[in-house]
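Heads up, the thing below is written out as structure tokens.
Only a predicted model underlies this, so the values are computations on that prediction, with no experimental measurement involved.
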Amino acid sequence: MTQRGLSLLLDSLTHAEQDPEVRALTAAFGGDPVEVRERLIGAPAVRSRRMLFASGGEIILHDDAVVEVLLHVVPQSPKQQGVDLAEWLPGAGNDATLDDLNAAIGTRRGFAGIGTPWFAVDGAFVRADFRDRRGWNEPGNLESLAITVEQPGLVCAPDDDDCPRCADLLIRWDASEEVDVEATDQALRSARDAGDLKEDLHWVPLDDLRMLHGSGLMTRVESQLTCRSCRRVICFALQRDGAPSFTYCSVNDARRHPLEEIPPVERWGSPERQAAAHAAMQYVDHSPGAWFLVRQGERLYLDARYSYSALIDTSALIELDASERESYRRGGHTYLGELAYRIHMSGPYQEESPYYARDLYRGGGDPGRDYRSEVSAAIVNHTWLAQQRSQQG
Ligand SMILES: [Zn+2]
């Protein structure tokens with residue numbers, strides 16, 4: 001009988017398909033795969049190869065190096081059956097709970113986000129996937145174990161390579177690995193408009209990306225959009241002196257990308273784009289880490305950050321009323337600091353606060369408006385994220 005166990009899975013990581021470590025694993029999985037899927041991911045392109053075995057095993061390679069091995073308790077294809085987990089992890093059956101896995105693996109446990117437990121084992125990681133990313137205290141919810149090179153949550157999971165919502169949005173010129181920028185831009189916009197992707201307005205809006213790039217005013221322009229299924233962040237960047245890049249990132253990596261200050265719209269926008277910018281909210285002033293003042297026409301809005309213990313750290317958006325506007329006219333920047341402090345101290349997350357009902361982020365104001373997105377777009381050059389980016393860029 002073939003020797004199975006966690007070490008056989010771990011030993012295969014980072015090896016090529018023809019290496020003895022991977023051939024040994026393939027043999028333990030029962031020989032030839034019943035299904036092989038290949039695709040190019042991103043630009044610069046990485047070749048993803050997934051081999052699904054009848055026994056419930058799966059091997060994923062990136063550019064011919066194993067990056068992940070999966071044991072599927074729940075079969076992924078009609079040609080596959082579920083693994084017998086006890087063969088690979090003595091002491092744990094297919095109905096293992098998280099505590100059972102903990103006892104069987106016996107190493108440090110961590111969580112990627114709320115619903116993704118993992119264990120650190122010999123410099124690699126064992127991720128446990130439970131149904132709907134919960135229910136790990138009841139038997140029968142375990143779907144798979146994934147053995148990965150990288151710590152879950154810090155980089156994208158290779159098993160998301162085929163995400164049905166976001167895997168086919170990079171369009172290449174026929175028979176080449178090069179990005180068709182116009183077609184890719186279109187595909188991303190369609191996916192965003194269909195609700196498959198959420199655009200992050202701390203970056204260049206997708207609608208401005210090619211216009212800004214075409215102006216030559218920035219060396220690098222980047223849009224970021226998050227997939228609503230797999231949560232990977234698509235980072236699409238156009239460079240003045242280089243090829244476009246299209247990468248799938250974790251939130252952690254995506255926010256570390258450099259972004260230069262976006263030049264004033266008058267220098268690069270079409271007449272329509274300039275008109276839209278003038279009608280939209282515009283940045284007026286801010287105090288780092290505390291508040292932003294934006295205006296729209298004659299109206300003034302204060303985005304005031306507030307926190308409560310370690311659980312709440314967010315902001316409220318208040319339109320200044322007549323007396324506050326008058327105080328601002330007299331007191332300027334200092335007055336806004338005092339007002340933001342008053343908002344924070346009132347605990348605007350509770351109904352007793354006079355600012356609770358005025359908080360436009362709570363759904364007041366014009367229905368259908370996404371105030372948070374509008375403010376994000378207005379302050380893009382001034383957020384702490386922008387400061388962090390310009391320091392690194
Ligand atoms: Zn996705």
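When atom types are taken as modelled, the side chain of D63 and the backbone of V46 share no donor-acceptor pair closer than 3.5 angstrom. No donor-acceptor distance shorter than 3.5 angstrom exists from the side chain of Q282 to the backbone of Q296, with no hydrogens or angles considered. Using a distance-only test at 3.5 Å, with no hydrogens or angles considered, no donor-acceptor pair links the side chain of E21 to the main chain of H15. In this structure, the side chain of E35 does not engage the main chain of S77 through any donor-acceptor pair within 3.5 Å. For the pair S223 (side chain) and V204 (backbone), a donor-acceptor distance under 3.5 Å is present. Remark: the backbone N or O of S250 is not paired with any side-chain donor or acceptor of D253 at under 3.5 angstrom. Here the side chain of D122 pairs no donor or acceptor atom with the backbone of A124 at under 3.5 angstrom. Between the side chain of Q76 and the backbone N or O of V74, at least one donor-acceptor pair lies under 3.5 Å. A donor-acceptor pair under 3.5 Å links the side-chain atoms of Q274 to the main chain of G269, judged by distance alone. Without hydrogens or angle criteria, R256 side chain to N252 main chain gives a donor-acceptor distance under 3.5 Å.
The two residues S48 and I60 come nearest to each other via the heavy atoms OG-CG2, 4.4 Å. Pairing each heavy atom of E222 with each of P258, the nearest pair is OE1-O, 4.5 Å. Listed here is the closest heavy atom pair of T107 and N102: O-OD1, 3.8 Å. Heavy atoms only, all atoms of each residue included: E177 and A45 are closest at OE1-CB, 3.5 Å. Counting all heavy atoms, side chain and backbone alike, T26 lies closest to F53 at CG2-CE2, 3.5 Å. Closest heavy-atom contact between C156 and R232: SG-CG, 3.5 Å.
Taken together through direct or relayed side-chain contacts under 4.5 Å among Ile, Leu, Val, Met, Phe, Trp and Tyr, L10 and L101 form part of one hydrophobic cluster. The cluster map of Ile, Leu, Val, Met, Phe, Trp and Tyr, joined by side-chain heavy atoms under 4.5 Å apart, puts L71 and L142 in the same cluster. Hydrophobic clustering, with ILVMFWY side chains joined whenever heavy atoms are under 4.5 angstrom apart, groups L85 together with L8. Under the 4.5 Å side-chain heavy-atom criterion for Ile, Leu, Val, Met, Phe, Trp and Tyr, M211 and V181 are members of the same hydrophobic cluster. There is a path of hydrophobic side-chain contacts, each under 4.5 Å, that joins F130 to W88.
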Go through the steps for D64 and R47 under the test salt bridge (Lys or Arg N to Asp or Glu O under 4.0 Å), then give the verdict. CA-CA 8 Å; D64 202 25; R47 184 166 297 277; over 6 Å; no
Could you walk me through whether R133 and D129 pass the side chain to side chain contact (heavy atoms under 4.5 Å, CB included) test, one step at a time? CA-CA 6 Å; R133 304 216 169 278; D129 297 328; 3.5 Å; yes
Check the pair F236 / V179 against side chain to side chain contact (heavy atoms under 4.5 Å, CB included), numbers first and verdict last. CA-CA 11 Å; F236 186 36; V179 181; 4.2 Å; yes
Between F119 and L98, does a side chain to side chain contact (heavy atoms under 4.5 Å, CB included) hold up when you go through it step by step? CA-CA 10 Å; F119 301 88; L98 188 56; 3.9 Å; yes
Let me see the working for H72 and Q80 under side chain to side chain donor-acceptor pair (under 3.5 Å), right down to the final yes or no. CA-CA 9 Å; H72 293 293; Q80 191 178 50; 5.0 Å; no
List the steps, then state whether side chain to side chain contact (heavy atoms under 4.5 Å, CB included) holds for V233 with W203. CA-CA 12 Å; V233 183; W203 299 83; over 6 Å; no
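A heavy-atom distance below 4.5 Å is not found between the side chains of V83 and F29. Contact of the L259 side chain with the M218 side chain is registered, since non-hydrogen atoms from C-beta on lie closer than 4.5 Å. Using a 4.5 Å cut-off on side-chain heavy atoms (C-beta onward), R23 and Q18 make contact. You'll find the side chain of D208 reaches within 4.5 Å of the side chain of W268, heavy atoms only. Within the 4.5 Å cutoff, no side-chain heavy atoms of Y248 are placed close to those of L170. When side chains are defined from C-beta on, H333 counts as touching S287, because their heavy atoms get closer than 4.5 Å. With contacts defined as side-chain heavy-atom distances shorter than 4.5 Å, the pair H202/R255 does not qualify. Counting heavy atoms from C-beta on, the side chains of L300 and R325 come closer than 4.5 Å.
Here CD1 of I234 is found 6.5 Å from SG of C227. Values are rounded to the nearest 0.5 Å. Once rounded to the nearest 0.5 Å, the distance linking CG of L13 with CD1 of I147 reads 7.5 Å. Summarising the geometry, atom NE2 belonging to H213 is positioned 11.0 Å from atom CG belonging to D185; distances are rounded to the nearest 0.5 Å. The structure places CG of L154 at 12.5 Å from SG of C249, a figure rounded to the nearest 0.5 Å. Between the CG atom of L320 and the CZ atom of R329 there is a distance of 13.5 Å, given to the nearest 0.5 Å. To the nearest 0.5 Å, the span separating OH on Y371 from CD on E319 amounts to 8.0 Å.
Under a 4.0 Å N-O distance rule, the pair R342/E324 does not qualify as a salt bridge. In this structure, R39 pairs ionically with D168, as a charged nitrogen and a carboxylate oxygen lie closer than 4.0 Å. Of the charged side-chain nitrogens involved, at least one lies within less than 4.0 Å of a carboxylate oxygen, so that D159 and R127 count as a salt-bridged pair.
Remark: of the listed residues E58, E38, E68, E38 is the sole one forming a salt bridge (Lys or Arg N to Asp or Glu O under 4.0 Å) with R49. Screening D200, L201, D370 against S376 for a side chain to side chain contact (heavy atoms under 4.5 Å, CB included) leaves a single residue, L201.
The local environment of CZ in R228 is crowded, with over 12 non-hydrogen atoms from other residues, nucleotides or ligands closer than 6.0 Å. By the neighbour-count criterion of 12 heavy atoms within 6.0 Å, atom CZ of R240 is densely surrounded, having more than that number from other residues, nucleotides or ligands. The 12-atom threshold is exceeded at CD of Q350, counting heavy atoms of other residues, nucleotides or ligands nearer than 6.0 Å. Summarising the local packing, CZ of R37 is surrounded by more than 12 heavy atoms from other residues, nucleotides or ligands at distances under 6.0 Å. More than 12 non-hydrogen atoms from other residues, nucleotides or ligands lie less than 6.0 angstrom from CD of E326.
Of the N and O atoms on the side chains of E260 and T219, at least one donor lies less than 3.5 Å from an acceptor on the other residue. In this structure, a donor-acceptor pair under 3.5 Å is present between the side chains of D303 and Y361. Using a 3.5 Å distance cut-off with no hydrogens or angles, the side chains of D193 and S190 do not pair a donor with an acceptor.
Aromatic rings of Y341 and W291 (six-membered ring for Trp) have centroids beyond the 6.0 Å cut-off, not under it.
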